[in-house]
Asker: 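Take this structure first; my questions come after.
Below, chain A is the first sequence line, B the second, and so on; all start at residue 1.
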Amino acid sequence: MKLSLAAEEVATFYGKMLEHEYTTKEVFRHNFFRDWRKEMTAAERKVIKRLSKCDFTEIHRHFADRAAARRALPREEKQRLKEEAEKLQQEFGYCILDGHREKIGNFKTEPPGLFRGRGDHPKMGMLKRRVLPEDVTINCGRDSKVPEPPAGHQWKEVRSDRTVTWLAAWTENVQNATKYVMLNPSSKLKGERDWEKYEVARRLKGVVDEIRSRYRADWKSREMKARQRAVALYFIDKLALRAGNEKEEGESADTVGCCSLRVEHVQLHPEADGCPYVVEFDFLGKDSIRYYNKVPVEKPVYRNLQLFLENKDPGEELFDRLTTASLNKHLQDLMDGLTAKVFRTYNASITLQGQLRALTRAEDSIAAKLLSYNRANRAVAVLCNHQRAPPKTFEKSMQALRSKIEAKKQQVAEAKAELEKARAGHASREDGSFLEKRRRRLEKLEEQLVRLGTQATDKEEGKQVALGTSKLNYLDPRISIAWCRRFGVPVEKIYNKTQREKFAWALDMAGEDFEF
DNA sequence: TGTTAGACTTGGAAGAATTTTA
DNA sequence: TAAAATTCTTCCAAGTCTAACA
């Protein structure tokens, strides 16, 4: 059936996603269909009454073919497209801020499509509308040249607000949230903020012992609110939980953080796995990632939890007297600039530094040092519960790696035997070069074997752990850079080009003796 | 004290580019 | 040299936290 332009466009959004799991979800299908029908003409609405009766395969095929054609384009054509994108980037991807040309992070508005909320999001599948110039507010210098809106259009507003960092903003219709155009992480502005963030975390290092004894004392406070705060803070500190703001019900997936934990998310065990006073956490955190952990806690914490849980239903809040606002207010009193998230930054960075110290040996090869680094990074990712879906090809590539190792072992054995033979044959005579050649061959193979073994370990241990987030947002880059310099590891082995640009501030200032 | 809007950081996945492998 | 695997980059959703207001 031939659709009107508007209805057709929305249909293509769905058609493109036919292979995606989203289209199997009832909520997604329902929301999509409702919004799609809104775009239809009255005549279309009369005909199209059930999603299950609609066949999108032709649309899907069209886009699949188009993607394939793109992939099959000749080299020169691809090059041309790349140059075109680069031109666009050069024209629109930069701004002048305080006289410096800075790269913009996201210079394009988000295209229309179907909302891809994560977890059990009640709004998944809803139509995210196209952003028009009339929706966009521009924020630029008072006497700078205002960017030209597309022909025939006007900006919603042009303002000059020096107190914020965004360059343009609009409201997205699904969540009714403001979206911003902001600078790239490599910019001076973002770099400075990043640096400040880690400096606050370093200040926490100086007072953390005091704060810890304070909350331990508060476990016995006469005031219920103070007790709850003290136990929550203990979790935030020890387990690196997020603050856990309250969320409006029905607007997004049901996820929680520390302050919003409910009775149903914790289970108390007087004893488990040989430890007394064990708390079992099981809840969905940010992005609906499951947090599961069984941790022994100190007796007063356990007793307090029993108290907080008393006479409550599963759906009630564990810390009913606590909000993130009151917690942060308390933290602010303990240290200037202290908030719940600083504990995550602090504990992540201090863990990295500690692990690097414990694991690195100066005499190790670069490969071994990198494994140590990865392990230290991984310890942090585990602490912060940064998980990823195991790559689809994981088992297969693991198996491939294992057989490669077997093959290499075989080669090493052979090389060994040959070296022995050469030794025996030339023991008395002076044929050093031949022997040396054999020896070097063996050495090289053994090195390769070690490297493969390292790779395999690394891969296995990292199956479900996402390292990127901690590396980019939680680990003071100066720790890594100092480590590189101290142990002769090229920084490029740790940070790729983009990351080096983001951490330019740290590359400038971190000596090999930097201490977090 | 609670509520909300607004601004900014954090987060995993998808898509693109590059490298490795067969 | 194609295709498979890996790494990099982009995307945009989902958090945190502050400030303004009632």
Asker: Verify side chain to side chain donor-acceptor pair (under 3.5 Å) between A:S470 and A:N377, making sure each step is shown before the conclusion.
Answerer: CA-CA 8 Å; A:S470 50; A:N377 192 166; 3.1 Å; yes
Asker: Take atom CD of A:E172 and atom P of C:dC11, then tell me their distance rounded to the nearest Å.
Answerer: 16 Å
Asker: Between A:N176 and A:K190, which is nearer to the 5' end of DNA chain B once each is assigned its nearest nucleotide?
Answerer: A:N176
Asker: How would you list, by chain and number, every residue that makes a ring-ring contact (aromatic ring centres under 6.0 Å, His included) with A:Y14, sequence neighbours excluded?
Answerer: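 With sequence neighbours excluded, A:Y14 shows a ring-ring contact (aromatic ring centres under 6.0 Å, His included) to A:F32, A:F56, given in chain and number order.
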Asker: Quick one: which of B:dT10, B:dC8, C:dA14 gets closest to the side chain of A:K197?
Answerer: B:dT10
Asker: Output the rounded distance in Å from CD (A:E157) to C1' (B:dG6).
Answerer: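 After rounding, the reported distance stands at 14 Å.
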Asker: For A:D218 and A:R214, run salt bridge (charged side-chain N to carboxylate O under 4.0 Å, His left out): C-alpha distance rounded to whole Å, both residues' side-chain angles, the deciding distance at 0.1 Å, then the answer.
Answerer: CA-CA 6 Å; A:D218 279 346; A:R214 169 74 188 266; 3.5 Å; yes
Asker: Check this one for me: any side-chain N or O of A:S288 less than 4.0 Å away from OP1 or OP2 of C:dA14?
Answerer: no
Asker: Does a donor on one side chain and an acceptor on the other come within less than 3.5 Å for A:Y198 and A:S349?
Answerer: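 Distance-only check fails for A:Y198 and A:S349.
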Asker: In whole Å, what is the span from the CE atom of A:M126 to the P atom of C:dA13?
Answerer: 12 Å
Asker: Categorize A:K123 for me: base, sugar-phosphate, or nothing, with a 4.0 angstrom heavy-atom threshold over every strand shown.
Answerer: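 Nothing, no nucleic acid heavy atom in range.
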Asker: Would you mind reading off the distance between A:Q332 atom CD and C:dT18 atom P, rounded to a whole angstrom?
Answerer: 7 Å
Asker: Under a plain distance cut-off of 3.5 Å, with no hydrogens placed, do A:R344 and A:Y474 share a side-chain donor-acceptor pair?
Answerer: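 Yes.
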Asker: Can you confirm whether the side chains of A:S260 and A:K247 place a donor and an acceptor under 3.5 Å from each other?
Answerer: no
Asker: Round to a whole Å and report the spacing from CG of A:L167 to C1' of B:dA7.
Answerer: 13 Å
Asker: Starting from the 5' end of DNA chain C, give me the residue, A:K128 or A:L338, whose nearest nucleotide shows up first.
Answerer: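 Between the two, 5'-proximity favours A:K128.
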Asker: For A:E9, is there an ion pair with A:R130 - N to carboxylate O distance below 4.0 angstrom?
Answerer: yes
Asker: May I ask you to say what A:P185 touches in the nucleic acid, namely base, sugar-phosphate or nothing, with a heavy-atom cut-off under 4.0 Å?
Answerer: nothing
Asker: Of A:G257 and A:N184, whose nearest nucleotide on DNA chain C comes first from the 5' end?
Answerer: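 Taking each residue's closest nucleotide, the earlier one in sequence belongs to A:N184.
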Asker: Any side-chain N or O of A:Q175 under 4.0 Å from OP1/OP2 of C:dA14?
Answerer: yes
Asker: Heavy atoms under 4.0 Å is the rule here; annotate nucleotides 11-22 of chain B 5' to 3' with B where the base is hit, S where only the sugar-phosphate is, and - elsewhere.
Answerer: BSSS------S-
Asker: Do A:R80 and A:E83 sit within salt-bridge range, that is, some charged N less than 4.0 Å from a carboxylate O?
Answerer: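 A:E83 and A:R80: not salt-bridged.
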Asker: Salt bridge check, A:R229 against A:E223: does any charged N sit closer than 4.0 Å to a carboxylate O?
Answerer: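 Looking at A:R229 together with A:E223, the answer is no, because their closest N to O distance does not fall below 4.0 Å.
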Asker: When you measure from the side chain of A:T339, which nucleotide among B:dC8, C:dC12, C:dT18 comes out closest?
Answerer: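 The answer is C:dT18, which lies nearest to the side chain.
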Asker: Whole-Å distance between B:dA5 C1' and A:K179 NZ?
Answerer: 16 Å
Asker: Does C:dG15 have OP1 or OP2 sitting under 4.0 Å from an N or O in the side chain of A:K341?
Answerer: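 False: A:K341 side-chain N/O out of range (4.0 Å or more) of C:dG15 OP1/OP2.
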Asker: Base, sugar-phosphate, or nothing: which does A:Y180 touch, judged by heavy atoms less than 4.0 Å apart?
Answerer: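 Base: the residue A:Y180, judged by heavy atoms under 4.0 Å, touches a nucleobase.
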Asker: Identify whether the distance between the nearest side-chain nitrogen and carboxylate oxygen of A:K312 and A:D320 falls below 4.0 Å.
Answerer: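 Here A:K312 pairs with A:D320 in a salt bridge, since their nearest N and O are under 4.0 Å apart.
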Asker: Using the side chain to side chain contact (heavy atoms under 4.5 Å, CB included) rule, pick out the option among A:L97, A:V158, A:L167 that qualifies with A:C140.
Answerer: A:V158
Asker: Check every strand shown and say whether A:G285 touches a base, only sugar-phosphate, or nothing at a heavy-atom separation below 4.0 Å.
Answerer: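 If one applies the 4.0 Å heavy-atom cut-off, A:G285 turns out to touch the sugar-phosphate alone, with no base involved.
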Asker: Could you walk me through whether A:E492 and A:K497 pass the salt bridge (charged side-chain N to carboxylate O under 4.0 Å, His left out) test, one step at a time?
Answerer: CA-CA 8 Å; A:E492 304 80 63; A:K497 186 166 142 282; over 6 Å; no
Asker: Could you tell me how far apart A:E196 (CD) and C:dC17 (P) are, to the nearest whole angstrom?
Answerer: 16 Å
Asker: Quick one: list whatever passes salt bridge (charged side-chain N to carboxylate O under 4.0 Å, His left out) with A:K197, sequence neighbours left out.
Answerer: A:D194
Asker: Please work out which residues in residues 243-251 of chain A have a non-hydrogen atom less than 4.0 Å from an atom of DNA chain C and list them by number.
Answerer: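 Listed by number, they are A:A243, A:G244, A:N245, A:K247.
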Asker: Residues of residues 316-328 of chain A with any non-hydrogen atom less than 4.0 angstrom from an atom of DNA chain C: list those, numerically ordered, please.
Answerer: A:N328
Asker: Starting from P on B:dA7, measure out to CE on A:M182 and report it in whole angstrom.
Answerer: 8 Å
Asker: If only side-chain N and O atoms count, and only distance matters, is there a donor-acceptor pair under 3.5 Å linking A:Q90 with A:E86?
Answerer: yes
Asker: Can you tabulate the close N/O pairs, meaning under 3.5 Å, that link protein atoms to atoms of nucleotides 3-5 of chain C?
Answerer:
unit_1 : atom_1 : unit_2 : atom_2 : d
C:dA5  : OP1    : A:K396 : NZ     : 3.1

Asker: Indicate, with a heavy-atom threshold strictly under 4.0 Å, whether A:A340 touches base, sugar-phosphate, or nothing.
Answerer: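 Contact class for A:A340: sugar-phosphate only.
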Asker: Do A:D120 and A:S288 have side-chain N/O donor and acceptor atoms under 3.5 Å apart?
Answerer: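 No pair is found: no donor N or O on one side chain lies under 3.5 Å from an acceptor on the other.
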